[in-house]
Amino acid sequence: MSRASKNILRISLSLLFDGLLWWIVYRQARIKDAAPSVYWWLLTISLAVFALLPLIEMARRGRVLEKVLAGFLSCVPVGWVGLCTYAAYH
């Protein structure tokens, strides 16, 4: 498999997990007066981590442009993990 097709596959996997993460968060936000369950928190955190895994591999072995792209695409999952960590401690 060529380098470009590997990167496209990694980016697609990351965006797929980002889409699932957004959909689950959106569905929970539509439920009024309900506190998120522990399973919901674990599911969203694990989706964010799974969204980061292909980007980490791309940044580790990539060129400068691939590293910048991986850093840009990892903003959403890293932000969500940070928000979950903040909510867990406060």
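From a predicted model like this one, the values you see are computed outputs, not experimental measurements.
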Could you walk me through whether Arg10 and Asn7 satisfy the side chain to side chain contact (heavy atoms under 4.5 Å, CB included) test, starting with their C-alpha distance in whole Å, then the side-chain angles of each, then the deciding distance to 0.1 Å, before giving a yes or no?
CA-CA 5 Å; Arg10 289 178 181 144; Asn7 287 337; 3.6 Å; yes
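Ile56 and Val81 are assigned to two separate hydrophobic clusters, defined by single-linkage of ILVMFWY side chains at heavy-atom distances under 4.5 Å. In terms of hydrophobic clustering, with Ile, Leu, Val, Met, Phe, Trp and Tyr side chains grouped at heavy-atom distances under 4.5 Å, Leu53 and Leu13 are assigned to different clusters.
For Trp22, the ring-ring contact (aromatic ring centres under 6.0 Å, His included) test picks out Tyr26, with sequence neighbours left out. Shown here are the side-chain contact (heavy atoms from CB on, under 4.5 Å) partners of Arg61, two or more places apart in sequence or in another chain: Glu57. For Ser12, the side-chain contact (heavy atoms from CB on, under 4.5 Å) criterion is met by Ile8, not counting sequence neighbours. By the side-chain hydrogen bond (donor to acceptor under 3.5 Å, both in side chains) test, Ser37 is found to be paired with no residue, residues two or more places apart in sequence or in another chain being considered. Tyr89 is linked by a ring-ring contact (aromatic ring centres under 6.0 Å, His included) to nothing, counting only residues two or more places apart in sequence or in another chain.
Atom CG of Asp18 and atom OG of Ser74 lie 9.5 Å apart (nearest 0.5 Å).
For residues 72-88, there are no salt bridge (Lys or Arg N to Asp or Glu O under 4.0 Å) pairs, not counting sequence neighbours. Judged as a salt bridge (Lys or Arg N to Asp or Glu O under 4.0 Å), the pairs with a partner in residues 63-72 (not counting sequence neighbours) are, in order, Arg3-Glu66.
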May I have the list of side-chain donor-acceptor pairs in residues 43-52 shorter than 3.5 Å, sequence neighbours left out?
{"from": "Thr44", "atom 1": "OG1", "to": "Trp40", "atom 2": "O", "distance (Å)": "3.1"}
{"from": "Thr44", "atom 1": "OG1", "to": "Trp41", "atom 2": "O", "distance (Å)": "3.0"}
{"from": "Thr44", "atom 1": "OG1", "to": "Trp80", "atom 2": "NE1", "distance (Å)": "3.3"}
{"from": "Ser46", "atom 1": "OG", "to": "Leu42", "atom 2": "O", "distance (Å)": "3.0"}
{"from": "Ser46", "atom 1": "OG", "to": "Leu43", "atom 2": "O", "distance (Å)": "2.9"}

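Clustering of Ile, Leu, Val, Met, Phe, Trp and Tyr side chains at separations under 4.5 Å places Phe72 together with Ile11, Leu15, Leu55, Met58, Leu69, Leu73.
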